[in-house]
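Encoded as structure tokens, the structure appears first; notes follow it.
To find a chain, count down the sequence lines: A is the first, B the second, and so on, and within it residues start at 1. Being a predicted model, the structure only gives us computed values, none of them experimental.
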Amino acid sequence: MPDRYEPASFEAKWRARWAKAELFLTREEPGRPKFYCLDFFPYPSGAGLSVGHCRNYIPNDVVARMKYMQGFNVLHPMGFDAFGLPAENEAIKNKTHPAPMIDRYAATYRRQMDLVGISYDWSRSFKSSDPTYYKWTQWIFKLLYQRGLAYRANAEVNWCPKDKTALANEEVVAGLCERCGTPVEKRQIPQWFFKITDYAQRLIDDLDDIDWPEGIKAMQRNWIGRSEGIEFELKVAFDESGQTSFTDQLAALEAEVAEEAGGQVPGAVAEKIATLEAKLGIHAQKVGADPMPITRSDDFAIKGKPLTFRVFTTRVDTIFGVTFCVLSPEHPLVDEIIKRAPEQGPAVREYQVQARRKTDAERTADTKDKSGVFTGGYAVNPANGKRVPIYIADYVLMNYGTGAIMAVPAHDPRDFDFAVKYDLDVVPVIKPTEEYLAGTSLEDYCANPKNHVPVFTSKDSVMMNSGEYDGLTYEEGTAALGQWMEGHGIGERKIQYKLRDWLISRQRYWGCPIPVIHSKDGEMHLVPDDCLPVYLPDVESYEPADDGSSPLAKISDFVNVTDLDGKLGRRETDTMGGFACSSWYFLRFCDPYNDEKPWDQERVNYWMPVDCYVGGAEHAVMHLLYARFWTKVLFDAGLVPVKEPFQKLKNQGQVLAMTPYRHPKQGETLAPGEEGVLISFKEAEGIPDDQKFYRWARMSKSKGNVVTPEEAVESYGADALRVYELFVAPFDTDVQWSNEGMNGAVRFLSRVCKFVSDHAAHYDVGWKAEIDAVPAEGRSLAFRRATHQAIQKATEDIERFAFNTYISAMMIYVNTLSDLTKGLQPNRAEKLAISEAIESLVLLMAPSAPHTADELWESLGRLGFTYGESWPKFDPSLTVDDTVTIAVQVNGKLRDTIEIEATADRAAMEAAALESPKVKVYTDGQTIRKVIIVPGKLVNVVV
RNA sequence: CCCCGGGUGGCGGAAUGGUAGACGCAGCGGACUUAAAAUCCGUUGGCUGUAAGGCCGUGUGGGUUCGAGUCCCACCCCGGGGACCA
């Protein structure tokens, strides 16, 4: 029996035995509840795993192991996200084919995961690039297509010139390619999209039902970006001075109707217009607009149809403060306006060209500096009939809302900046608070709104300068104006989302082929089920072209197909982005060998949802949103029993390592945000202290600060690595790697071994049958209490993902047991209690230090594995002590602590507290006003 | 600018509104050793005091409470995310 932790002597042996016994094969034994424990689907990088990656696998492994011991059927699988740009780029760099490369890398991952003893069921493993898997990815694509959720459209997309492919919106960060940092360009290419926008509302709503970190939920809500507002129509005029009353607008409408009806206005329509006229006239007077005589303004009807455009706003309560409107440079109305107001044409065209040339990165870089140009047209504010100039500016985005806005510079900072720059009016229409005015008067604010920065944007105030709407709150004003607009057909309430459809086409080789054939007549056909999968052709050369076409397009054997009727067609040559493949892998794990269908319904009904999903927070809005979307589609199709795939989600913290930097040399410049120049540890040795410094940085190959699992296991042992990573910090916070900390874990495991080996002689396998018959008292009771308290703490802590305090409780347990056994010649009761303690200790340690636990288990003469044993249960009556230490406070200040019977009632506690000489010092000569008693905790005497 | 986290000894961290600093690391003192490593025992928030003890102490300032690391308000700092989304 080992009396200290000697990993080299037994860890490898146990891993081999677990493998031989197929210990972690998923069981579906009837009568046991299920638990699905899943880690994020990793892309197997060529750099291999670092101890940083283990921080996600180890804690979830502890959960999986405990759940199994508690009697659950546990599904704990692992596979590899093999398709996609990272793999393909790596293969190109190494001048090799991605398929064998990925196989090699995945094998390394598996070896490393096995090395630290993760209890995966490898029999269920697959790679997303396996044809047996991607066949079903294609099958689901077809399902989406059939349900109207996959479509091809010619669209302006984010094009990464380095990766030579289109990217999804989620893969573009601040205008740069998320993967390689290259500024993305815009390109018009036919692309495949999934219609995730159809599910926007459900993707928000169902977040309420799942146990995820609030931060991730917030990020998803934010990304989906729901906003409620009103979309309404404005008419375009070409004369600034002319006021157009509502009656004018009605007259124009009448003319329009008459034109369509062949010169004669139908009676019913005329009547309707008359009533509207009456209503509108009253309204116009109320809001203070000039009641203009009915004249036929030809502004609206020059050369045919009147020009109109629609805007979306969440602040219709500020509509009386509109002083200009802005169209996005790409807005189709712009052409129409300059056709009719040609004098602004050249300037407008020039600006459009400039805007187009800018990349998203440039556009976002100068968000402060607004630019734009007047179009020559005016918009008529439907609320008050006022005409305001129409500008184009690139701060208005074509792909959000209607691509046009009403600008209220008094209450919107962006509009304000623009108004200041182009000397446009600012008309306050929301009464600012006293706090905002900060001393100056309301008159001064209204007279010189441009002197008041930042602008007043709060919704917690009332309307002013808004005619009959003055004094209404945001809610009231929005409701009243919304009703008015809807009543008069000017606009309607609407909900907008920022979320756009998910672009899945990649013009690259290494991805799942899209099962579509384009026939000669331009129609698209899905590849029939019995022809799936569409195999990715095995080719020598697969480098991407930069003309926007996929490398598959050059492979004529792949492209040219003939259908059953002998008709010629061309295969779709784009492949699916990697996120498609990882949007359903958790379903395949439930039934990975099925070659009839993607999964057997019963298997998925049994295992889904995932009970505990663990991975990094960086996938907050990509994988996690896409997987939720697919699950909902599959739910709607009746193929999965759950609306949400991941019931509980946990994000682990990163592992940071000390990383050397040096100060920049003369002439060297640092990128923004950089503190110094990254150097290797070797370089650092040769540099004097005052020229270098160390920072904690995320472990990564590029930083040269990686500690591999092999190194850690070699120097300290796998169980030490596991215990260290569990103990060093809470699960979700970043940790700083330290060799000293690893030594602490080694010492602790040695103390566990020492305790067990020192007292193995007293171990009685049959303790369970006898222990309750021998009354525990004194030391034996103390043993039993320590044991049951440890069981309770360990169970609850693992359940709530508090692995650091679980390990801490184990340390306390071992320390307590060691203290209790000092110089002990145990009697029968004590021997039984020690037996219980030894066995509980080993089993409680099993999820975190499984090798050591099994080694000790065997040394105790037990057969099999701790994995197959039952998780210890605690007896609540044995978790409480009979005396407690209570705090005695005077006026809330701690003055004494006293030992007292745990069962002491309030009166006894009070009496004991008041008797304390230390308390008397403070209470003598004082009047006791009140005594607060918290049973079992404290007494507070108020004098 | 907005939205999330988070600021506790020399360090990592613990603490259902109820004894702040559990547990570990590092340090210090001691035992064992020819010596060192390893191990074991003791000790370790600051100030003050011979001691018993006292005072201060969880980013800053206020508040609620018998009692605040924990709840509320304002602010400062650090980390992450989103950023012209109308």
Counting any heavy atom closer than 4.0 Å, what does [X] reach on the DNA or RNA strands: base, sugar-phosphate only, or nothing?
X: A/Lys754; answer: nothing
X: A/Arg310; answer: nothing
X: A/Asn804; answer: sugar-phosphate
X: A/Gly225; answer: nothing
X: A/Ile812; answer: sugar-phosphate
X: A/Arg747; answer: sugar-phosphate
X: A/Glu740; answer: sugar-phosphate
X: A/Asn222; answer: sugar-phosphate
X: A/Phe755; answer: nothing
X: A/Ser227; answer: sugar-phosphate
X: A/Val396; answer: base

Partner nucleotide, any strand, of [N] [Watson-Crick/G-U, under 3.5 Å]:
N: B/G21; result: none
N: B/C40; result: B/G30
N: B/A35; result: none
N: B/G82; result: B/C1
N: B/U60; result: B/A74

(message) With nearest nucleotide decided by heavy atoms, which residue, A/Met406 or A/Gln736, maps closer to the 5′ end of RNA chain B?
(response)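 Looking at RNA chain B, the more 5' nearest nucleotide goes with A/Gln736.
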
(message) Need to verify one output field. Residue with the more 5' nearest nucleotide on RNA chain B, A/Ser818 or A/Pro730?
(response)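 Counting from the 5' end, the first nearest nucleotide belongs to A/Pro730.
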
Tell me whether the OP1 or OP2 atom of [N] has a side-chain N or O from [X] closer than 4.0 Å.
X: A/Tyr806; N: B/A14; value: no
X: A/Lys937; N: B/C66; value: no
X: A/Arg4; N: B/C40; value: no
X: A/Asn815; N: B/G24; value: yes
X: A/Arg895; N: B/C55; value: yes
X: A/Asn743; N: B/C25; value: no

(request) Classify the side-chain pair A/Gln654/A/Arg55 by whether it contains a donor and acceptor separated by less than 3.5 Å. (result)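 Per modelled atom types, A/Gln654 and A/Arg55 side chains form no pair under 3.5 Å.
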
(message) I'd like to know if the side chain of A/Tyr5 pairs up with that of A/Thr852 as donor and acceptor (distance under 3.5 Å, no hydrogens or angles considered).
(response)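 Side chains of A/Tyr5 and A/Thr852: no pair found under 3.5 Å.
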
[N] versus [M] - spacing of their [atom1] atoms, nearest Å:
N: B/G59; M: B/G7; atom1: C1'; answer: 6 Å
N: B/U39; M: B/A52; atom1: C1'; answer: 36 Å
N: B/C2; M: B/C71; atom1: P; answer: 23 Å
N: B/G21; M: B/G53; atom1: P; answer: 16 Å
N: B/A20; M: B/G57; atom1: P; answer: 13 Å
N: B/G17; M: B/U65; atom1: C1'; answer: 9 Å
N: B/C77; M: B/U60; atom1: P; answer: 15 Å
N: B/C56; M: B/A14; atom1: C1'; answer: 22 Å

Which nucleotide in the list [options] gets nearest to the side chain of [X]?
X: A/Thr314; options: B/G81, B/C84, B/A86; answer: B/A86
X: A/Arg751; options: B/A15, B/C40, B/C66; answer: B/C40
X: A/Lys822; options: B/A86, B/C41, B/C84; answer: B/C41
X: A/Ser808; options: B/C23, B/A86, B/G24; answer: B/C23
X: A/Asn940; options: B/C66, B/A14, B/C25; answer: B/C66
X: A/Trp223; options: B/G67, B/G53, B/A83; answer: B/A83
X: A/Ala729; options: B/G13, B/A86, B/C40; answer: B/G13
X: A/Lys370; options: B/A86, B/U19, B/C84; answer: B/C84
X: A/Val934; options: B/G18, B/G12, B/G13; answer: B/G18
X: A/Val942; options: B/A20, B/C66, B/G13; answer: B/C66

(message) If the glycosidic angle sits within 90 degrees of zero it is syn, else anti. Tell me which applies to B/G9.
(response)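 The base of B/G9 is oriented syn (glycosidic angle within 90° of 0).
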
(request) Starting from the C-alpha separation in whole Å, work towards a yes-or-no answer on ring pair (Phe, Tyr, Trp, His ring centres under 6.0 Å) for A/Phe755 and A/His759. (result) CA-CA 6 Å; A/Phe755 178 81; A/His759 303 92; 4.7 Å; yes

(message) Within a 6.0 Å radius of atom CZ on A/Arg4, are there more than 12 heavy atoms belonging to other residues, nucleotides or ligands?
(response)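 Open.
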
(request) Measure from the ring center of A/Trp737 to the ring center of A/Tyr724 and say whether it is less than 6.0 Å. (result)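 A/Trp737 vs A/Tyr724: aromatic centres under 6.0 Å.
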
(message) Taking the six-membered ring for Trp, are A/Phe803 and A/Phe801 closer than 6.0 Å centroid to centroid?
(response)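 Yes: the rings meet the under 6.0 Å criterion.
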
(request) Indicate the atoms forming the closest heavy-atom contact of A/Val326 with A/Val396, along with that distance. (result)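 Taking A/Val326 first and A/Val396 second, the nearest heavy atoms are CG1-CG2, 3.5 Å.
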
(request) Flag the pair A/Glu492 and A/Arg310 as a salt bridge only when some basic side-chain nitrogen lies within less than 4.0 angstrom of an acidic carboxylate oxygen. (result)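 Looking at A/Glu492 and A/Arg310, the cut-off is met.
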
(request) Send over the distance from A/Ile216 CD1 to B/G82 C1', rounded to a whole Å. (result)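 After rounding, the reported distance stands at 13 Å.
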
(message) From CG of A/Asp3 over to P of B/C40, roughly how many Å is that when rounded to an integer?
(response)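 Atom CG in A/Asp3 sits about 11 Å away from atom P in B/C40.
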
(message) Could you check whether A/Lys459 makes a cation-pi contact with A/Tyr474, meaning its NZ or CZ is under 6.0 Å from the centre of the six-membered ring and within 45° of the ring axis?
(response)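 So A/Lys459 does make the cation-pi contact.
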
